[in-house]
Structure formats: C-alpha cells, structure tokens
2 protein chains.
Amino acid sequence: MANYEQLRLRNQLCFPLYVCSKEVVRKYKPLLDELDLTYTQYITMMAMWEHQQLSAKELGNILYLDSGTLTPVLKTLEKKGFVERQRSKDDERSLIISLTPEGNELQDRAAYIPEAMGKCIDMDLEDLKTLHRLLHKFMDTSIK
Amino acid sequence: MANYEQLRLRNQLCFPLYVCSKEVVRKYKPLLDELDLTYTQYITMMAMWEHQQLSAKELGNILYLDSGTLTPVLKTLEKKGFVERQRSKDDERSLIISLTPEGNELQDRAAYIPEAMGKCIDMDLEDLKTLHRLLHKFMDTSIK
DNA sequence: TTAAAATTAATTGTGTACAATCTATCTGAT
DNA sequence: ATCAGATAGATTGTACACAATTAATTTTAA
C-alpha cells in the first residue's frame, strides 16, 4: 500500500489553521454571549466601531464575506438594534450600514474582551507576535 | 469618543486566523471538486487513509468535530461509496468507519493535492514552517 | 441615446459547526 | 442482579459560508 506522507493531517498547513480558527471562535463564545453577539456579528461590529459607517460592499471587503453571508448578519444586527440599514441616496444599489447609539455603547461593554481572550492563550508574547505577523503575510500574499 | 485600539480587527489574532482558514479552504475547492469531496469530507478521508478503520468517536477526536457535524459527513461519504458505517459487535453504541476499495483508490487521485496547494501559496518555506510550528503549538497549549 | 455590460444586494440551495437534547447501550457499585 | 451514571451517536435548531442565480440600478460605449 502506498504511504502518502504528505497526505497526513499533521503535515498539512490547512488543518491546524482550520482547528485553531474554530478553537478561537469557541473560546470567544462565553464572552460574546454576554453581549448577545455571535463571532461573525462581533467582527462586523468591530469593523463598524472602527469606521462608523460603511456600505455593505465595503464591509464585505473588510471582512472577506459575501452578501450571502452578510445580508442575514446585518438584518440580525439591525433587529438587535446595533446598526441601521438604509439605501444610499446617491446609488440605490448600495446599502449603507451605520451604528446606532446602542451599537456605539456596545463598544464599551466589548472593550475588555481582547484582554480576557489574551489570558486564555497560554503562549509567550513573542510567539504570538510572530504568528500574527505570519498570518498577515499569508493573507497579503495568498488572497486574491 | 473612545478609541479602543485593541478592538481593531488588524490587532486581533482571531481575525487573520479566521480569514486564512477560510481562504485555504477556498483554494482547495477546485482541486477537491475533481474528487467530489468538500473540505470537511477531505480531512475525514485523510484521517481514514491514515488509520484505515476508526470509530466515529476516534474520528471526532482526531478532527476536533462532534457527532452533530460528523454524522451527516459520514453518511454522505457512505453514500458516495468511500466509507462503510457499521456498529461495533463489541459495543453497539460505537460506530465503526472503514474504507471501501473506492475510498482507498481515492487516495491515489488525491496524492497530488498537497503539492498543488503548495504552489498556490507564495510564501517562503521558512515562514511556512514557522507558521506550521506555531499553529501546532497554539493547538497544543490552547485546546482542552 | 440607448442597449449592453457592470455593479450591488438579496435569494436559493448545499454543507458544515456546534450547543443542547435524546436514545440506546454499557459499566460499576451496591 | 440491578439501577444510577456514563458513554456513543443521532437529532434538532440556529447561524454561518459560499456558489450560483436573480433583480434592480447604474455605467459605458456604440
């Protein structure tokens, strides 16, 4: 029988990426539950806190999500009162997302999350910085 | 207005992990389409190629997936003729997954995928090795 | 000017993920 | 021997993720 060493899970890059990504989202869950946000809703709100107002298109570019994913997320966030959705006057095709006062206030309640998450990760800072740098490098060289 | 630097997407570890993971899966898609496999089905088959026979429980431990995810994946792989599902004689609770001849042959057709994927990633080998090492370290220190 | 092409969201369909619950089976302590 | 607890999968419900298609609007080029 052939022994395809390169087909072993432990030798792939994809698999630890996939596992680590899911694990981080899992670790966020109890923290995000208190804000009534899912992980996808959380990163959407992070983009909104940073930019205050964005079109759905711009949001998709920032988050690497298409309208099939974003449309229901934005409708949910609107239902929760954190954002408003309205068509652009300039271009009726474009959907403008803006923060509500409640959405803005949520940022205060979210402010402790990055630090709380940091405490969950038992790796030294140097490794985390390297990991962060290499992931960004991977994104920059591999996407699109 | 407060400026929560640590809440910016670019300063998170979670976000590049999430984006890179999705991006890698997206890059696999055209290669896996030829095998009639999704990414989740592919890593399941990789575990099977490595072990020949596993219980659903063991598969879940290897892949970090629970029965809610695995049950439909395994039923699909059975329908495609790549694995067999049968209850253990020793313990009726346990579901034994084994490779069919077709499932085994699929490994030959999958053998070129790791190399093809490698060519899609435009990062030097040293960085990729470091990334691989740090992701495994992250998995080992952060999960469970 | 106007018809074709491009752009933006929304919709549809498939396939995960995972928490929570359920069901069947097995194990162990009395 | 038996029943309480543990264990293994299956099921249910919610929420993505994304490809493909659709619908509405805008842009562009003949």
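Every value quoted in this text rests on a predicted model; they were computed, and no experiment measured them. Below, all heavy atoms of this structure are taken into account, side chains as well, without hydrogens, waters or symmetry copies. Just so it is clear: chains get the letters A, B, ... in the order the sequence lines come, proteins before strands, and each one is counted from 1.
Within the structure, every side-chain polar atom (N or O) of B:Ser94 is placed at least 4.0 Å from both OP1 and OP2 of D:dT7. Look at A:Arg85 and you won't find any side-chain N or O under 4.0 angstrom from OP1 or OP2 of C:dT8. Taking side-chain N and O atoms only, A:Ser67 has no distance below 4.0 Å to OP1 or OP2 of C:dA9. Taking only side-chain nitrogens and oxygens, B:Arg87 never comes nearer than 4.0 Å to OP1 or OP2 of C:dC26. The side chain of B:Thr38 places no N or O atom within less than 4.0 Å of a non-bridging phosphate oxygen (OP1 or OP2) of C:dT14.
A 4.5 Å side-chain heavy-atom check between B:Ile113 and B:Tyr28 finds at least one atom pair inside the cut-off. With contacts defined as side-chain heavy-atom distances shorter than 4.5 Å, the pair A:Trp49/A:Met46 qualifies. Residues A:Tyr4 and B:Tyr112 are not in side-chain contact: their nearest non-hydrogen atoms beyond the backbone lie 4.5 Å or more apart. Taking 4.5 Å as the limit, every side-chain heavy atom of A:Gln6 sits out of range of all side-chain heavy atoms of B:Glu115.
Residue contacts shown for A:Thr69 include a base, since a base heavy atom lies under 4.0 Å away. Using a 4.0 Å heavy-atom cutoff across all strands shown, B:Thr40 reaches sugar-phosphate atoms only and no base atom. Residue contacts for A:Val73: at a heavy-atom cut-off of 4.0 Å it reaches the sugar-phosphate backbone alone, with no base atom in range. Residue contacts for B:Thr76: at a heavy-atom cut-off of 4.0 Å it reaches no nucleic acid atom on any strand shown.
Between the CD1 atom of B:Ile96 and the P atom of C:dT25 there is a distance of 16 Å, given to the nearest Å. The CD-C1' distance, from B:Gln41 to C:dA17, rounds to 14 Å in whole Å. Nucleotide C:dT14 holds its P atom 14 Å from the NZ atom of B:Lys29, rounded to whole Å. If you take NZ of B:Lys22 and C1' of D:dA15, they are 14 Å apart, rounded to a whole angstrom. Nucleotide C:dT27 holds its P atom 9 Å from the CG atom of B:Asp90, rounded to whole Å. As rounded to whole Å, 12 Å separates atom C1' of D:dA15 from atom CG of A:Leu77. Between the CG atom of B:Asp66 and the P atom of C:dC22 there is a distance of 17 Å, given to the nearest Å. Whole-Å rounding puts the B:Tyr39 OH to C:dT14 C1' distance at 19 Å.
Ranking D:dT26, D:dG9, C:dC18 by closeness to the A:Asp91 side chain, first place goes to D:dT26. Taking the side chain of A:Lys75 as heavy atoms from C-beta on, and the options C:dA19, C:dA6, C:dA10, the nearest nucleotide is C:dA10. Distances were taken from every side-chain heavy atom of A:Lys57 (C-beta onward) to each of D:dT25, C:dT8, C:dC26; the shortest belongs to C:dT8. When distances run from any side-chain atom of B:Glu92 to the nucleotides C:dA17, C:dT25, D:dA10, the shortest one goes to C:dT25. Residue A:Thr71 has its side chain nearest to C:dA9 when only D:dA17, C:dC18, C:dA9 are considered. When the nucleotides D:dG9, D:dA24, C:dA17 are ranked by their closest atom to the side chain of A:Arg93, D:dA24 comes out on top.
Both B:Tyr18 and A:Ser88 sit near DNA chain D, but only B:Tyr18 has its closest nucleotide nearer the 5' end.
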Inset, instruction - Under the ring pair (Phe, Tyr, Trp, His ring centres under 6.0 Å) rule, what do A:Tyr64 and B:Tyr18 come out as? Steps first, then yes or no, please. - result: CA-CA 10 Å; A:Tyr64 299 86; B:Tyr18 162 84; 9.0 Å; no
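In this structure, B:Asp122 places its CG atom where only 12 or fewer heavy-atom neighbours from other residues, nucleotides or ligands lie under 6.0 Å away.
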